[in-house]
Amino acid sequence: MSEPIGGREPYDLVITGGRVVNAAGSRSGTVLVRDGRITEILDPGAPVPPHQRAIDASDQLVIPGGVDPHCHVGQVLGEFSMLDNHAEASIAALWGGTTTIIDFAIPEPGQSPLQAVHEKRKSAQDTRTDLALHGGVVAWDGTTHDQLLALADLGVLTVKMFTTYRDGVMAGFDTIEKVMRVMADVGGVAIIHAEENHLVEQAQSREAASGRGDSRHHGLTRPESAEAAAVSRTLELAAKTGSAVYFVHQTTPEVVDLVRAANAKGVRAFSETCPHYITLNESVYESATPELFVCCPPLRSKVAMTGLRDRALQGHIHTLGSDHCCYSREQKAKYRQDVRSMPNGLPGVEHRLSVSFDTLVVRGGMSLENFVAMFSTNPAILNGLRTKGWLGAGADADIVVLDPKKRLTVNAGNHHMKTDYSPYEGIEFTGAATTVISGGRVVIDERGFHDPGPVGRHLFAKAQLDGVPLLAAPHVGGTQTVLNAIDRLEQMA
Ligand code: URP
Ligand code: ZN
Ligand code: ZN
C-alpha cells in the first residue's frame with residue numbers, strides 16, 4: 001500500500017493501465033475511486049496518488065458496470081416460479097459484469113401496481129447489485145391513474161405491459177393507450193412485450209390441431225408477423241399519445257426498422273434485443289431438448305438472426321437485455337409437448353457480457369463504444385439512472401475490467417445462475433470480465449467472488465434533472481441521444 005501524502009486519505013482503489021471505454025469515446029487512463037464513486041480519471045503517465053488497492057488493467061478494457069434492463073427474478077407466472085432470488089440472481093450478474101439489475105414488479109392477480117412494487121422491493125432486500133424496478137399494469141381500473149402518479153413519485157417511471165399471455169398478464173391496447181397518456185405526462189416510458197395475441201393464439205391452435213403444438217415447433221406458434229403487428233399498433237399509440245415507448249426483446253430486423261421509421265416521424269421509440277436473438281437461431285428447436293430454448297418471442301430463422309445482428313452493428317438497436325428467467329430442465333420439460341402451458345424464457349443474466357461481446361465486437365466488428373452504449377449506457381439513461389452507465393468523476397464506481405481475449409466456455413455445472421442448464425452450453429465465447437467492482441467494492445477478481453453482503457441499493461428513476469429531460473430524451477437517431485445525455489451528466493457531476 002502506498003503512503004498518504006500530506007495527510008490526505010489514500011484512494012480506496014486505482015485502476016491503472018487499461019483503456020477506459022465510455023459510449024462517448026475511449027482513452028487510456030487511471031481511474032481513481034473513493035467512497036463508492038469515481039473521483040477522477042488521470043491521464044496516462046500522471047503520478048498515481050496513494051491508494052489502498054491497485055488493479056492492473058494493462059492490455060484490458062475498463063468499461064462501466066453492466067446495466068441489465070430486462071431481468072425477471074423469482075417471478076411467478078402461472079403454475080411456474082422462477083428459481084432464483086435476488087441474492088442469487090445478483091451474484092450471477094456480478095460474475096458476468098452486470099452491476100445493476102432492472103427487475104419487474106408485475107401485479108399478480110388481485111394485486112395493484114403499487115402493491116407489486118412494494119412487494120418486489122421487500123423481496124429484493126438481499127440484492128448484491130443495485131436494483132431498479134419497472135412497474136406493471138395488467139388492467140386499467142379507477143385507481144390506475146393515481147397509482148401511476150404515485151409510482152412516478154417513488155422513482156418508477158417505466159411501466160411494462162404485455163400484449164400477449166391472455167389469462168395471465170396481458171393488457172389490452174386500450175389499457176396501453178391510457179398508461180401511455182400518463183407516461184407522456186410524467187416523462188416516463190411504456191415498456192412493451194409486443195406480440196399480437198390473437199395471431200399467436202390462432203397459430204397455436206392451428207399447429208396444435210396439426211400435431212405441431214410441441215416445443216420443437218415453438219417458432220411456428222408465435223410468428224414474426226404477430227410481433228410486427230403488435231409493434232406497429234403500439235407505435236401508433238405512442239404517436240397518438242406522445243409517450244416514449246421501449247420494445248423489449250425485439251427479434252427481427254423488420255421490427256427494428258418499424259421503430260426507426262417511427263423515430264423519423266418524431267416518435268420516441270427504443271429497441272432492445274437480447275444476446276440469444278443475435279447468437280442462436282431456430283435450428284436449436286431441432287435438438288433433443290427443444291424445450292430448453294422456448295422463449296417468447298421464439299428464436300427466429302438464421303436470416304432473421306443475421307439481419308437483427310446487422311441492425312445492432314448499424315447502431316439501430318439501443319440496448320441489450322438478458323430477459324433472464326431461471327427455470328430448470330425439469331420445469332421446462334413438464335409441458336414440452338404443449339408450448340401453450342410451458343414456462344417461457346431463458347437464463348442469461350450471467351452471460352450477457354460474454355455472449356454479446358463475442359457476437360457483436362469480436363465477430364461483428366462493433367466499436368467498443370457502441371458496445372458499451374448497448375450494454376450499459378443506454379439502459380441507464382433510458383431508465384433514468386444518472387450515476388450509472390459511464391465512467392467519469394461523479395459516476396458510481398461500478399466498473400468492469402474486461403479482457404477482450406479471455407475465453408469463456410459456458411458450462412451449467414459451474415455457472416452461478418440457479419438453474420441446471422444454459423442455452424449456450426459448451427459454446428466458447430471470447431471476452432470476459434476479469435475484475436468487477438460494484439459500488440467501489442472489488443467483488444470479482446483473480447481469486448474469485450468476494451461477497452459484499454446485501455449492500456445493493458434500490459434505485460429511483462429520475463425523469464428530469466435541473467429541468468433537463470434525462471429519461472428518454474427526444475430521439476435524434478442511433479445512440480446520439482444517449483451520448484448527448486451523457487455529456488450533460490458529465491457536465492453536471
Ligand atoms: O419467454 C420469455 N421472454 N419469458 C419471460 C416473460 C417475457 O415475456 O418477457
Ligand atoms: Zn416478454
Ligand atoms: Zn421478459
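Note that ligands are numbered from 1 as they come in the structure, with each ligand's atoms numbered from 1 the same way. The figures that follow rest on heavy atoms only: side chains count, while hydrogens, waters and symmetry mates do not.
At a 4.0 Å heavy-atom cut-off, ligand 1 touches Cys325 through the side chain alone.
Ring geometry for Tyr285 versus His218: interplanar angle over 60°, hence perpendicular rather than tilted (30 to 60°). Ring orientation note: the planes of Phe375 and Phe371 are close to parallel, at an angle under 30° on the 30°/60° scale.
Between the Zn ion (ligand 3) and His70 there is an N/O/S contact shorter than 2.8 Å. At a cut-off of 2.8 Å, His193 is not counted among the residues with an N, O or S atom near the Zn ion (ligand 3). Within the coordination shell of the Zn ion (ligand 2), defined by N, O or S atoms under 2.8 Å, Cys296 is absent.
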Next on the checklist: With side chain to side chain contact (heavy atoms under 4.5 Å, CB included) as the criterion, how do Thr127 and Ile101 come out once you've worked through the C-alpha distance, each side chain's angles and the decisive distance to 0.1 Å?
Outcome noted: CA-CA 9 Å; Thr127 179; Ile101 282 177; 5.5 Å; no
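Atom numbering of ligand 1 starts at 1 in the shown order; those under 4.0 Å from a heavy atom of His249 are 8 (O), 9 (O). Close contacts of ligand 1 with His70, meaning ligand atoms under 4.0 Å from a residue heavy atom, involve 9 (O).
Of all protein heavy atoms, the one closest to atom 3 (N) of ligand 1 is Asp323 OD2, 2.6 Å. For atom 9 (O) of ligand 1, the closest non-hydrogen atom on the protein side is His72 NE2, 3.2 Å. Among protein heavy atoms, atom 7 (C) of ligand 1 sits closest to Tyr165 OH, 3.6 Å. Ranking the protein heavy atoms by distance from atom 4 (N) of ligand 1 puts Asn344 O, 3.2 Å first. Ranking the protein heavy atoms by distance from atom 1 (O) of ligand 1 puts Cys296 N, 2.7 Å first.
Under a 3.5 Å cut-off, the side chain of Asn383 and the backbone N or O of Pro379 do form a donor-acceptor pair.
Between Gly345 and ligand 1, a contact under 3.5 Å exists for at least one N or O pair.
Ring centroids of Tyr421 and Tyr327 are separated by 6.0 Å or more, keeping the two rings apart. Taking the six-membered ring for Trp, Phe247 and Phe270 have ring centres at least 6.0 Å apart. In summary, the aromatic rings of Phe293 and His276 are positioned with their centroids too far apart to meet the 6.0 Å limit.
Checking His72, His134, His249 one by one against His193, the ring pair (Phe, Tyr, Trp, His ring centres under 6.0 Å) holds for a single residue, His249.
Side-chain contact between Val259 and Gln250: present, with at least one pair of heavy atoms (C-beta onward) separated by less than 4.5 Å.
The Zn ion (ligand 3) sits nearest to atom OD1 when only the N, O or S atoms of Asp323 are considered.
Within the 4.0 Å heavy-atom shell around ligand 1 one does not find Gln75.
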